[in-house]
Amino acid sequence: MTPEQNKRFKYWQTRTILATMVGYALFYFVRKNFSLAMPGLEADLGISKTSLGIFLTLNGLIYGFSRFANGILADRMNARWYMAIGLALCALSNFAFGFGEDISYWITGEHTGDRFTNTMILFMGIMWVFNGLLQGTGFPPCARLLTHWIPPTQLATKMSVWNTSHSIGAGLVVILCGYIMGSMGSGPDHVGAWKWCFWIPSAISFAGAIGLVVFLRDTPTSVGLPELEGTESRREKPDASDRAEHRAFLMKHVFRNPLIWILGFANFFVYVVRFSVLDWGPSLLSQSKGVSMEHAGWLVAMFEIAGILGMLFSGWATDRWLKGRAHRTCVFCMAGAALFVFAFWQLPSDAPIWLLFATLCAAGFCIYGPQALIGIAAANQATKKAAATANGLTGLFGYASTLISGVGLGYVAQHYGWSWAYVGILAMALIGMLVFLLMWGARADGYDTAPQEK
């Protein structure tokens with residue numbers, strides 16, 4: 001690139017990273033708002049915990065499949081419009097969810113009774129499953145955009161910074177919805193406040209979707225810039241965009257690539273450990289360590305914050321010391337996660353609260369490294385032409401983990417006690433480490449195996 005082109009490229013690179021960070025954080029505004037609204041849904045509408053749990057499980061499983069399918073589609077679509085339209089539709093599904101009670105009345109003509117309740121649960125369940133389907137349009141276009149604007153040698157560091165977006169989005173929407181549940185609605189019990197947990201975040205996200213259209217562009221060539229130096233000579237031929245050749249490329253670099261499958265299996269175990277703490281943290285802490293719910297909430301929040309620091313450090317360490325080999329960093333991270341989960345398990349229930357904080361935060365610091373780096377490793381191994389598809393496949397494994405971290409962990413804790421639940425989490429971390437070891441000798445990226453331009 002000329003100096004002028006290089007200056008423009010850096011401007012668009014920074015703009016793309018920031019815009020996608022904000023956009024992906026807003027996907028969490030219309031996803032993680034559900035957890036804060038659940039007490040209101042249960043109290044105001046009488047929806048049982050079982051029904052709410054089914055909503056969560058189906059949303060997670062559908063999201064995993066959607067992320068996989070959308071990964072295949074996003075590699076061949078304009079990522080700018082793909083992400084913006086997906087976020088707008090997520091916002092609309094949340095908006096409709098907030099009207100679930102009113103729509104059920106319109107359908108049945110009743111305010112109470114089994115028919116009204118069943119219709120309401122069915123409608124709201126469909127809307128939340130539909131939201132899970134639409135959520136899959138969030139990450140794949142980001143993977144496509146970032147691999148077009150960030151060179152492979154910088155991807156681990158810069159994408160680790162980018163990956164903090166989901167923690168930022170989840171944290172902000174929790175604060176927002178906490179305020180909503182405590183100050184809005186009618187009467188001293190704030191009846192109906194849960195609706196605003198869907199309407200306000202959906203309005204913010206819809207505005208964000210418009211912002212994505214304004215600030216994003218698909219590829220460097222769409223703004224008159226050359227493709228990334230170091231990958232343009234190894235790019236696919238210009239006429240290789242036909243469906244047959246694209247399918248052949250995907251089969252070779254994703255579906256028949258053993259490294260992508262290893263990353264997918266590893267992602268399953270990473271997500272089991274992560275979701276076990278996020279979903280069951282308050283119950284686990286209060287029942288196994290005697291921690292008050294107030295302190296338990298802070299502990300889980302600190303686990304997330306420590307994870308942000310872990311993502312940033314692991315990305316920097318990968319580029320600084322391991323020459324972009326993110327899979328090697330993941331081995332050390334999973335070993336650290338296992339060590340600190342074991343240390344936390346062994347702490348007595350009367351241990352100082354600061355020690356509980358320190359060990360759980362250390363576990364969060366370690367587990368969020370692989371959570372970020374798997375996407376980076378998959379994108380590099382599959383190359384930028386198949387980055388979204390590869391991330392869709394690994395994401396499918398990640399969200400399939402809810403079968404273990406959700407129902408599985410709950411069953412173990414209920415029937416065998418929390419000690420065996422700790423054993424299960426520890427085992428998942430160790431198995432994940434061993435899976436990462438299978439690709440220890442792999443290259444940092446797969447560009448050398450991509451077709452040469454003729």
Side-chain angles (χ1 to χ4, degrees), residues 32 35 38 48-50 52-61 64 170 265-307 310 333-353 355-371 397-436:
K32 291 301 181 183
S35 296
M38 284 198 296
S48 68
K49 288 184 175 67
T50 300
L52 294 172
I54 292 173
F55 286 6
L56 290 171
T57 300
L58 290 177
N59 179 275
L61 292 176
F265 281 113
N267 205 31
F268 177 88
F269 297 104
V270 170
Y271 268 69
V272 168
V273 178
R274 178 190 171 205
F275 283 162
S276 293
V277 177
L278 289 179
D279 294 341
W280 292 100
S283 297
L284 184 150
L285 290 163
S286 62
Q287 296 173 18
S288 71
K289 298 298 182 184
V291 176
S292 69
M293 290 304 295
E294 180 182 358
H295 282 147
W298 274 104
L299 278 168
V300 175
M302 292 301 295
F303 176 85
E304 189 86 3
I305 294 170
C333 288
M334 292 303 287
L339 173 64
F340 289 114
V341 166
F342 178 78
F344 185 84
W345 172 29
Q346 294 302 308
L347 289 175
S349 57
D350 59 351
I353 193 68
L355 194 54
L356 295 174
F357 266 84
T359 50
L360 194 62
C361 285
F365 181 91
C366 293
I367 199 61
Y368 272 84
Q371 190 272 331
F397 281 90
Y399 284 89
S401 69
T402 56
L403 294 171
I404 302 297
S405 63
V407 177
L409 190 66
Y411 180 87
V412 170
Q414 180 178 343
H415 294 281
Y416 302 101
W418 284 112
S419 290
W420 282 104
Y422 280 113
V423 171
I425 297 171
L426 181 61
M428 295 296 101
L430 291 173
I431 294 172
M433 180 192 71
L434 294 175
V435 174
F436 279 119

Trainee: Compare every heavy atom of A429 with every heavy atom of V273, then report the nearest pair and how far apart it is.
Mentor: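 Heavy atoms only, the tightest pair is CG2-N, 3.8 Å.
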Trainee: Rounded to the nearest 0.5 Å, how far apart are CG of L426 and CZ of F340?
Mentor: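 Between atom CG of L426 and atom CZ of F340 there are 13.0 Å.
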Trainee: Can you find a pair of side-chain heavy atoms, one from W345 and one from S288, that are under 4.5 Å apart?
Mentor: no
Trainee: At their closest point, which heavy atom of C333 faces which heavy atom of G369, and how far apart are they?
Mentor: SG-CA, 4.3 Å
Trainee: Kindly indicate whether the side chain of Y271, heavy atoms from C-beta on, has any atom under 4.5 Å from the side chain of F397.
Mentor: no
Trainee: Search all heavy atoms of A343 against all heavy atoms of T359 and return the closest pair with its distance.
Mentor: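 Where A343 meets T359 most closely, the heavy atoms are CB-CG2, 4.4 Å.
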Trainee: Could you check whether F275 and Y399 have their ring centres less than 6.0 Å apart?
Mentor: yes
Trainee: If the plane angle is over 60° it's perpendicular, under 30° parallel, otherwise tilted; pick one for Y368 and F303.
Mentor: perpendicular
Trainee: Restricting to non-hydrogen atoms, name the atom on V272 and the atom on S401 that form the minimum distance, rounded to 0.1 Å.
Mentor: CG2-CB, 3.5 Å
Trainee: For V270, run the side chain to side chain contact (heavy atoms under 4.5 Å, CB included) check against M428, M334, M433 and tell me which one passes.
Mentor: M334
Trainee: Can you tell if the side chain of F268 reaches within under 4.5 Å of the side chain of I404, non-hydrogen atoms only?
Mentor: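 The answer is yes; the side chains approach within 4.5 Å.
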Trainee: Can you see which heavy atom on A363 is nearest to which on V341, and at what distance?
Mentor: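 Closest pair (atom of A363, atom of V341, distance): CB-CG2, 4.3 Å.
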Trainee: Looking at CG of L355 and CZ of F344, how far apart are the two atoms once the value is rounded to the nearest 0.5 Å?
Mentor: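 Result: 9.5 Å between the selected atoms.
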Trainee: Kindly indicate whether the side chain of F269, heavy atoms from C-beta on, has any atom under 4.5 Å from the side chain of P370.
Mentor: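 F269 does not reach P370 side chain to side chain.
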Trainee: Within the 4.5 Å heavy-atom criterion, are W418 and V412 side-chain neighbours or not?
Mentor: no
Trainee: Can a donor-acceptor pair be found, under 3.5 Å and without considering hydrogens, that links the side chain of K289 to the backbone of L347?
Mentor: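 Checked: pair present.
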